[in-house]
**Student:** 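Pasting a structure below so you can have a look.
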4 protein chains.
Amino acid sequence: MNKRSATESKSKIINAAIKVFSENGYKGTSMRMIASTASISVGGLYLYFANKEDLYLTLIKEAYDELTRKVTNARNEAGSSSEALSLFISHYINTARKNRELILIQGREHKFAFGMDIKRKFFRDQKNIIEGIIQQGITSGEFSGCNVKETSKIIFCVLRGFILSLIVEPDALFSPEECSNLILNGLLKGKQK
Amino acid sequence: MNKRSATESKSKIINAAIKVFSENGYKGTSMRMIASTASISVGGLYLYFANKEDLYLTLIKEAYDELTRKVTNARNEAGSSSEALSLFISHYINTARKNRELILIQGREHKFAFGMDIKRKFFRDQKNIIEGIIQQGITSGEFSGCNVKETSKIIFCVLRGFILSLIVEPDALFSPEECSNLILNGLLKGKQK
Amino acid sequence: MNKRSATESKSKIINAAIKVFSENGYKGTSMRMIASTASISVGGLYLYFANKEDLYLTLIKEAYDELTRKVTNARNEAGSSSEALSLFISHYINTARKNRELILIQGREHKFAFGMDIKRKFFRDQKNIIEGIIQQGITSGEFSGCNVKETSKIIFCVLRGFILSLIVEPDALFSPEECSNLILNGLLKGKQK
Amino acid sequence: MNKRSATESKSKIINAAIKVFSENGYKGTSMRMIASTASISVGGLYLYFANKEDLYLTLIKEAYDELTRKVTNARNEAGSSSEALSLFISHYINTARKNRELILIQGREHKFAFGMDIKRKFFRDQKNIIEGIIQQGITSGEFSGCNVKETSKIIFCVLRGFILSLIVEPDALFSPEECSNLILNGLLKGKQK
DNA sequence: GATGAATGAGTCTTCATTCAT
DNA sequence: GATGAATGAAGACTCATTCAT
């Protein structure tokens, strides 16, 4: 019966849960797995979280909030729209890379019966930020007059795909710079960079 | 008690399994769910598949093979590299859209203890095809001299993200044309289309 | 994996459940106890009943129905009101004695969160029958003009107490005849029997 | 961290336990519930009672003792046997009504693995008192010559049923007077009251 | 071939009890 | 005295798998 402070235990649990959930998904993770990873008893888990769902939700909420905070800043720091988009992309990707656990964002195996409101809000927020950047670029004459909504969906999908690759297939990871470059300039020749 | 031919039963099971797995994930799907969707008995499932894993593996293998077949053709049908890439993208996306279940490809909730070899091979194949198209475009002077490996990873990530969106958030879906356009031309002004 | 017919298994479970619930109460009974008493696996229980509550409810419903049926007949078979009451009492007590499990009727340990509607209806029905008998006895001049409602409550309480004694303290059981006698004649001397 | 005297804490716990046990039964009551009702820590409970069972036993023992004390007096206060019986009944019922928690006496959900000796002794004592009253009434010529043992069992059952009704179904409660009246005079006409 | 009753290990969750502070 | 974090066994329920029919 190791006596730890409440906060210490809670953070041990959170870290363990992030690790185990991200490796095995929601359904594939048992409370026992989390407990043993956190070096705590099964019952101990329920001292800090009402149930498995609550634990999971806490996790993704935290991850979302952190990413949203960083990414929002990106927009404000930038001089031009190109720069804003590049910053957005690299913030997003670097945060995801560091917090491999962010993959949770994309968790999909439990039918989204819960937590979907959190997730949807997050996705909407992200897409709005991208749309804002692109719209501004078009208005300022920096970007060509593309379909804003479609384009931001595509960009968002690159990032989503990146995160999924973090778990599925680490070799698939690319650098933020190359990504910005492709999105800004495209593949075809004849664009003055 | 229905007397069906073996193949008929097997295909009923496969279709049911695709539907149910794609909606609920691997862990979220029970053999009973598959059986009842296939209008067959639980025991009947084990007449055609050794176990749940075997059934799942059969499924993704088939889905992969079909997509690979279609996508490979894309390359051969095309006149230019741009066209090849556009065809690849639209084949990929349209197939995925039609076979919503393809999302299985990306399924991640069961620790990848099995089936990972199949998946990895599939991913590698896909990326090789894209790399081939890009390389050819550069060689022929059609594309600018980008980093082939990185670029194809990014393109692959868009597609992967698209598939994930199929389940997660249908609003996020974009059109293949817009996607090809962005990838080919980029966002910045000043490219003659 | 003994193969029994569905009905056979279900009745084995019901009998086991009656026995175990009546001995240990709702909370004090585990599904494992019922399963092992029924010589069936734990999972087997859930083939026939959705959950513990469902099993319990089925039981008390059946017990109530049987008792109500028997007791209703009592009234119709009797010639006089005295006889009707005596028959009611002996039917009630004998049925309860035979189905020791009837005690479930009185189960109280789970806060009555469920099943209370069934129980209440049963109690109301029983009391109505007694009231009917007493009222008729008064009308016909057979009984003295007592407070019908109060009196039937008291009689009902004797029966309820009898059933509780079945579990708590078998020595406390009395004969239906003596009970009828006391209720009809009272303790005081000077009544011509 | 409240500094209370030991006796103060102990009585707070007892009161809380009476309340909670009587509402939820033995198995339905958790130590945490008692602790929080008593505004004490979980660990604090174990400072005064060895375990849950000990706490429960202390409770029913106290409740029994109180009732026995009151009811014993009844006998001594009375002039006649009729009066003694009436007093016994009203003391019993009124005490029970006031201490709704007395229902614990009848608690049945925990297999009676423990506490049964206490309970049995209590029941035996009560019945002996009733038997004594009846016997005396017969000897003195006040009561008719009924079967003493059977009759006292029946009377005891009315009281037991009354207590059970306290929880199960408050509408079923009757007045002590009516009860005494029925038991003394019976239902049939022709008795001079 | 096909059925579906049966199994039992495994899942989430609760709770009496202990003990470092 | 008092606290409350920690434990682990036990409970309700699920599900992949088997097998008698």
Side-chain angles (χ1 to χ4, degrees), chain A residues 1-10 27-35 39-53 55, chain B residues 1-6 8-10 27-36 40-55, chain C residues 1-10 27-35 39-55, chain D residues 1-6 8-10 27-36 40-53 55:
Chain A
M1 203 184 300
N2 267 2
K3 203 84 176 193
R4 283 187 293 273
S5 75
T7 30
E8 190 185 344
S9 288
K10 187 160 186 172
K27 288 248 190 184
T29 296
S30 74
M31 293 303 264
R32 195 187 308 250
M33 287 162 75
I34 298 175
S39 305
I40 208 177
S41 66
V42 183
L45 258 29
Y46 290 85
L47 252 27
Y48 301 98
F49 299 92
N51 49 40
K52 190 181 178 185
E53 183 180 326
L55 175 49
Chain B
M1 205 84 55
N2 274 354
K3 276 291 182 204
R4 279 189 298 272
S5 72
E8 191 186 342
S9 286
K10 187 161 187 172
K27 288 258 190 182
T29 297
S30 72
M31 293 302 266
R32 198 182 304 256
M33 286 161 76
I34 300 174
S36 92
I40 209 176
S41 68
V42 186
L45 258 31
Y46 290 84
L47 254 27
Y48 301 99
F49 300 92
N51 50 37
K52 192 182 178 185
E53 184 180 325
D54 178 37
L55 175 49
Chain C
M1 202 185 300
N2 267 0
K3 203 80 177 195
R4 282 189 294 273
S5 76
T7 29
E8 191 186 343
S9 287
K10 187 160 187 172
K27 288 248 193 184
T29 297
S30 74
M31 292 304 264
R32 197 187 308 251
M33 286 162 74
I34 299 175
S39 306
I40 207 178
S41 66
V42 182
L45 258 31
Y46 291 86
L47 252 27
Y48 300 99
F49 299 93
N51 49 40
K52 191 183 177 184
E53 183 180 326
D54 178 36
L55 176 48
Chain D
M1 205 84 51
N2 273 355
K3 277 289 179 205
R4 279 189 299 271
S5 72
E8 191 185 343
S9 286
K10 187 160 188 173
K27 288 258 187 182
T29 296
S30 73
M31 293 303 266
R32 197 183 304 256
M33 286 162 76
I34 298 175
S36 93
I40 209 177
S41 68
V42 186
L45 257 30
Y46 289 83
L47 253 28
Y48 300 100
F49 300 92
N51 49 38
K52 191 182 177 184
E53 183 180 325
L55 175 48

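Here the structure is a predicted model, which is why all the values come from computation and not from measurement. Letters A, B, ... are given to chains in the order of the sequence lines, protein chains preceding strands, and every chain is numbered from 1.
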**Student:** With rounding to the nearest 0.5 angstrom, report the NZ to CG distance, B/Lys52 to B/Leu45.
**Tutor:**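 One gets 11.0 Å once the value is rounded to the nearest 0.5 Å.
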
**Student:** What string of B, S and - do you get for nucleotides 11-16 of chain E 5' to 3' if you count protein non-hydrogen atoms under 4.0 Å?
**Tutor:** BSBB-S

**Student:** At under 4.0 Å, does any side-chain N or O of C/Tyr48 touch on OP1 or OP2 of E/dA6?
**Tutor:**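 Yes, because at least one side-chain N or O of C/Tyr48 sits under 4.0 Å from OP1 or OP2 of E/dA6.
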
**Student:** Holding to side-chain contact (heavy atoms from CB on, under 4.5 Å), I want the full list of residues that pass it with C/Ser41, two or more places apart in sequence or in another chain.
**Tutor:**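 side-chain contact (heavy atoms from CB on, under 4.5 Å) list for C/Ser41, sorted by chain: empty.
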
**Student:** Between CD1 of D/Ile40 and CD1 of D/Ile34, what distance do you get to the nearest 0.5 Å?
**Tutor:**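 Those atoms lie 11.0 Å apart.
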
**Student:** Just need the stems in DNA chain F: three or more back-to-back Watson-Crick or G-U pairs, each with both distances under 3.5 angstrom, sorted by first number.
**Tutor:**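 As far as DNA chain F goes, consecutive pairing (with distances under 3.5 Å) yields the stems E:2-21 with F:2-21.
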
**Student:** For a quick test of reading the model, state the closest non-hydrogen atom pair linking D/Met31 to D/Asn51 and the distance between them.
**Tutor:**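 D/Met31 and D/Asn51 have their closest heavy atoms at CE-C, 4.3 Å.
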
**Student:** What integer distance in Å separates D/Ile34:CD1 from E/dT17:P?
**Tutor:**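 From D/Ile34 CD1 to E/dT17 P: 11 Å.
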
**Student:** Verify the contact: side-chain N or O of B/Ser9 to OP1 or OP2 of E/dA2, cut-off strictly under 4.0 Å; return yes or no.
**Tutor:**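 For B/Ser9, the contact criterion (side-chain N or O under 4.0 Å from OP1 or OP2 of E/dA2) is met.
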
**Student:** When rounded to the nearest 0.5 angstrom, what is the spacing between NZ in A/Lys10 and CG in A/Leu55?
**Tutor:**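 Answer for the NZ-CG pair, A/Lys10 versus A/Leu55, is 9.5 Å.
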
**Student:** Report the distance from atom CG of D/Leu45 to atom P of E/dT18, rounded to the nearest whole Å.
**Tutor:**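 Atom CG in D/Leu45 sits about 13 Å away from atom P in E/dT18.
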
**Student:** Would you give the length of the straight line joining atom CG of C/Asp54 to atom OH of C/Tyr48, rounded to the nearest 0.5 angstrom?
**Tutor:**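 Atom-to-atom, C/Asp54:CG and C/Tyr48:OH are 14.0 Å apart.
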
**Student:** Report the distance from atom CG of C/Leu47 to atom C1' of F/dC13, rounded to the nearest whole Å.
**Tutor:**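 So the two atoms are 13 Å apart, to the nearest Å.
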
